[in-house]
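One structure below.
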Amino acid sequence: MAQPRKLVTHPGWLRVTHWLNALAVLVMVMSGWRIYDASPIFPFQFPRALTLGGWLGGALLWHFAAMWLLFANGVFYVAMGLVTGRFRRQLFQLRPRQVWHDFVAAVRGQLSHDDLTHYNAVQKLAYLVAIVDLIVIVLSGLVVFKPVQFSNLGALMGGYEGARVAHFVAMSVLVAFVLIHVVMAAAVPRTILAMIRGR
Ligand code: HEM
């Protein structure tokens with residue numbers, strides 16, 4: 001008897017880059033908060049227990065180590081998304097009316113989760129925001145890391161101080177995305193299994 005074909009929802013390269021990215025983001029955010037605490041821009045600090053690195057020097061080492069993982073993994077993910085046509089198939093087309101329609105359906109609890117190969121429009125928008133936001137994080141991080149070498153890029157962000165604020169705002173957007181993303185994924189646990197096993 002013919003075996004039913006297993007439906008691959010998430011190819012291997014996507015699962016590996018997704019979880020490596022999650023690890024890199026966790027290390028970057030927690031060490032970043034420790035670096036921020038050493039010289040806060042705003043009148044608050046992050047609780048020490050939520051930070052990584054112990055002190056400024058240790059946090060910088062974690063931040064710079066995870067930076068290479070985030071960058072290399074991100075470049076590979078974007079290249080594969082473009083080359084394989086996944087971005088075109090899964091994240092586009094995206095129409096504002098569709099986003100609104102799916103948002104209203106989600107609020108009413110009427111969104112279907114039957115087909116895990118297909119993202120709803122709100123999900124597509126959230127993923128695109130996360131991807132663009134990560135690019136802003138890397139670019140503003142480069143300016144904060146090497147302000148002289150990247151002075152032209154820095155000028156677009158209002159100089160070194162502007163790049164620091166841009167880096168912080170982009171981090172905040174990413175943390176908000178991750179919090180919502182994890183809650184939504186946990187609400188439909190099959191999606192987490194699919195992101196681990198691919199089917
Ligand atoms: C920490 C930073 C994270 C970022 C930036 C991130 C970003 C993304 C992106 C961009 C996608 C779409 C991938 C594509 O199809 O090309 C995705 C999918 C997904 N992520 Fe994450 N993610 C993160 C963490 C997590 C965590 C911690 C979980 C576990 C709870 C998770 C669970 C999932 C699942 C289940 C999907 C597939 C959703 C579905 O099939 O409906 N993610 N993520």
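Computed from a prediction, not measured in an experiment: that's the story for all the values here. Side chains included, hydrogens not; waters and symmetry mates left out as well; all remaining heavy atoms used. Just follow the structure's listing: the first ligand is 1, and inside any ligand the first atom is 1. We count residues from 1, following the sequence as given.
Residue Y127 has no nitrogen or oxygen atom sitting less than 3.5 Å from a nitrogen or oxygen atom of ligand 1, judged on distance alone. Checking only distances, T191 never comes within under 3.5 Å of ligand 1, N or O to N or O.
Between F150 and F145 there is no side-chain heavy-atom pair separated by less than 4.5 Å. Counting only heavy atoms from C-beta outward, the side chains of L111 and V122 never approach each other to under 4.5 Å. At least one side-chain heavy atom of L134 sits under 4.5 Å from a side-chain heavy atom of V25. Under the 4.5 Å side-chain criterion, counting only non-hydrogen atoms from C-beta, H167 is in contact with I137. Taking the side chain as every heavy atom from C-beta outward, R197 and H10 never approach each other to under 4.5 Å.
L60 and W55 are members of different hydrophobic clusters when ILVMFWY side chains are connected at heavy-atom separations under 4.5 Å. No single ILVMFWY cluster, assembled from side-chain heavy atoms under 4.5 Å apart, contains both V178 and W62. Note on F42: it clusters hydrophobically with V169, by side-chain heavy-atom contacts below 4.5 Å among ILVMFWY residues.
At the shortest separation from atom 16 (O) of ligand 1 among protein heavy atoms lies Y77 OH, 2.6 Å. Closest protein heavy atom to atom 41 (O) of ligand 1: Q123 NE2, 2.9 Å. For atom 40 (O) of ligand 1, the nearest protein heavy atom (residue, atom name, distance) is H10 NE2, 3.1 Å.
The side chain to side chain contact (heavy atoms under 4.5 Å, CB included) test applied to A155 returns no partner, not counting sequence neighbours.
No side-chain donor-acceptor contact under 3.5 Å links D37 to the backbone of Q45.
Checked against the 6.0 Å centroid criterion, the rings of F44 and Y36 qualify as a close aromatic pair.
The ligand atoms of ligand 1 that sit less than 4.0 angstrom from a heavy atom of W19 are 26 (C), 28 (C), 29 (C), 31 (C). The atoms of ligand 1 that sit less than 4.0 Å from any heavy atom of I192 are 30 (C), 35 (C). Of all atoms in ligand 1, numbered sequentially from 1 with element shown, those under 4.0 Å from a heavy atom of R86 are 14 (C), 15 (O), 16 (O). Counting atoms of ligand 1 from 1 in the listed order, those under 4.0 Å from a heavy atom of F177 are 4 (C), 5 (C), 6 (C), 7 (C).
Neighbours of atom 21 (Fe) of ligand 1 restricted to protein N, O or S atoms under 2.8 Å: the count is 2.
Counting heavy atoms closer than 4.0 Å to ligand 1, residue L26 contributes nothing at all.
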